[in-house]
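In what follows, every chain begins at residue 1, and chains take the letters A, B, ... in the order their sequences are listed.
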Protein chains: 2
Amino acid sequence: MQSKWVEEDLLSIRERAYRYLKDMILNGEYKAGDRLVERELADKLHISRTPIREALFRLESQGFVKTVPRKGVVVERISEDEVVEVFTILSSLEVLAAKLAAQKMDDKTQLEFDQVIVKLQNLDGLTEAEVSKLHLDTNQILHKAAKSPKLYELLTGLTDYIRIFSNTSYETPGRKEESMKEHLEIMKAVRNKDVEMGEYLTKIHIENSKRAYINYVKQNKKG
Amino acid sequence: MQSKWVEEDLLSIRERAYRYLKDMILNGEYKAGDRLVERELADKLHISRTPIREALFRLESQGFVKTVPRKGVVVERISEDEVVEVFTILSSLEVLAAKLAAQKMDDKTQLEFDQVIVKLQNLDGLTEAEVSKLHLDTNQILHKAAKSPKLYELLTGLTDYIRIFSNTSYETPGRKEESMKEHLEIMKAVRNKDVEMGEYLTKIHIENSKRAYINYVKQNKKG
DNA sequence: AAGATATAATTGGTATACAATTTTTTAGAC
DNA sequence: GTCTAAAAAATTGTATACCAATTATATCTT
């Protein structure tokens, strides 16, 4: 799935370059250790070095790439410890988001939730990609429902950061189905303004995801 | 207190520009609404537009300034709601940090804590600036003790973001003294690996800070 | 094959130019 | 004097060219 460069003419060139590069990294097309050469990218995208540099700076400030002075820009290798760290942080922030979302639940948001809940109850026949997208969408709606832009921003950054790895944890047989089921229960609790249940289920959900990731890594290290 | 531009020749020009501008904003010398003109800054610091732009982008991604295309870069006005939001998020993350710090406490870190604890027990004769610095240092040591670089990064970003405002909440009579005392108790609990006490005291501390801020704002709106 | 040396490549920064747009100034009308 | 409209200036976004410092790579020597 090659990310598309063109389209969206309204955006600035640097914004398009940023999104393109971030997509490529998040989708694993640029892998850890890959070098990103300004000149090459500029030629490839038919733009000058300037917006490329600006996009790279932004990616660097978000931890996706690292610039080694006068050597090159390389895609960062995210360590297992770091992923576990992020899961730990997410545990706190997602619980907070669930709490806020349940507290601030209103009619309009309930309608949004209901739509997602229906989808989560009928996963049969969905492709892997569709399930993945539904997972991301569910998260997004949940995070937005907390009605705290700052929190949303943090959650987006953190989930993006470990996106590739949280996908790998789905390799554990049955984990993906379990995860979607947990998501469904969380959505129902939050939708019904059950603050404590929402917090509790979210905590369990992230802990399970974290454990699945750790087990997956352990498994694939030995054999 | 005009931030110094020169010195630290080892750092890249863009890094120095970034720190200079961030200092100026955090110390309130550039206020909300002020325009930051690339050309002016470049002339003032005797560098070209390039590193200035790079510094501005970084500040923008952290929410300190906002670029309006072909219009200018202005220092962002941080709303009261946003400050409250950040306090809420900090409550979760600081509690997590206290927990991790208590769990991972080791001999070396205990020595660092002991030094700070001694200072916190003898505030007499310290100037306002010295007390402020001690407050920041205490936070930093606490955050570092969680031994989670990602968490440290998030906490630094958030506390920086509301730095000016958390200072204003100290205007409430007695709040600063109370805050320092709370800090002292947190440090003692965490130092002694008392996880639950550390979490509890931290929660109370942030809640108090948040309440002090809200009250201060309310007070100064009416009168 | 190994090591030394020369050459390429790459980023960091400067400088200049120009288009698109916004802000400010100016000129004019009344 | 004040309002309006046109002109001028200012500002960012992008491109291009250039060079220094450093690193990667290729070449040569032994």
Derivation and outcome, side-chain contact (heavy atoms from CB on, under 4.5 Å), residues A:R175 and A:Y216: CA-CA 11 Å; A:R175 175 57 197 152; A:Y216 178 80; over 6 Å; no
side-chain contact (heavy atoms from CB on, under 4.5 Å) between B:K22 and B:D160, worked out: CA-CA 10 Å; B:K22 187 172 168 187; B:D160 276 353; 3.0 Å; yes
Any N/O pairs under 3.5 Å between the protein and nucleotides 6-8 of chain C? List them or say none.
none

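Pairing for D:dT23 is absent, with no Watson-Crick or G-U wobble pair whose two atom distances lie under 3.5 Å.
Taking atom CD of B:E54 as the reference point, atom C1' of D:dG13 lies 14 Å away to the nearest angstrom. Taking atom CD1 of B:I52 as the reference point, atom C1' of D:dG13 lies 16 Å away to the nearest angstrom. Between the NZ atom of A:K66 and the C1' atom of C:dT11 there is a distance of 15 Å, given to the nearest Å. Distance NE2 (A:H46) to P (D:dT14): 17 Å, rounded to an integer number of Å. We find that CG of B:L41 is positioned 14 Å from P of C:dT14, with the value rounded to whole Å. Whole-Å rounding puts the A:L45 CG to D:dT14 P distance at 13 Å. The separation between B:F57 atom CZ and D:dT14 atom C1' is 11 Å, rounded to whole Å. Computed from coordinates, the A:I47 CD1 to D:dT14 P distance equals 8 Å when rounded to whole Å.
The shortest distance between side-chain heavy atoms of B:E94 and B:I186 does not fall below 4.5 Å. Between A:M180 and A:L134, the closest side-chain pair of non-hydrogen atoms falls below 4.5 Å. Inter-residue side-chain proximity for B:H183 and B:N139 is flagged as met; some heavy-atom pair is nearer than 4.5 Å. A:E128 is not listed as a side-chain neighbour of A:V131, based on a closest heavy-atom distance of 4.5 Å or more.
For the residue pair B:Y18 / B:Q62, a side-chain donor-acceptor distance below 3.5 Å is found, with atom types taken as modelled. Side-chain contact annotation: B:S148 with A:E85, donor-acceptor N/O pair under 3.5 Å present.
Under 4.0 angstrom from either OP1 or OP2 of D:dT14 there lies no side-chain N or O belonging to A:T50.
Base orientation of C:dA8: syn, since the glycosidic angle falls within 90° of 0.
A cation-pi geometry, defined here as NZ or CZ lying under 6.0 Å from the six-membered ring centre and within 45° of its normal, holds between B:K150 and A:Y161.
Residue B:S12 places its side chain closer to C:dG12 than to any other of C:dG12, D:dT14, C:dT14.
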Where protein sits on nucleotides 6-12 of chain D, one letter per nucleotide: B base, S sugar-phosphate only, - none, heavy atoms under 4.0 Å: -----SB
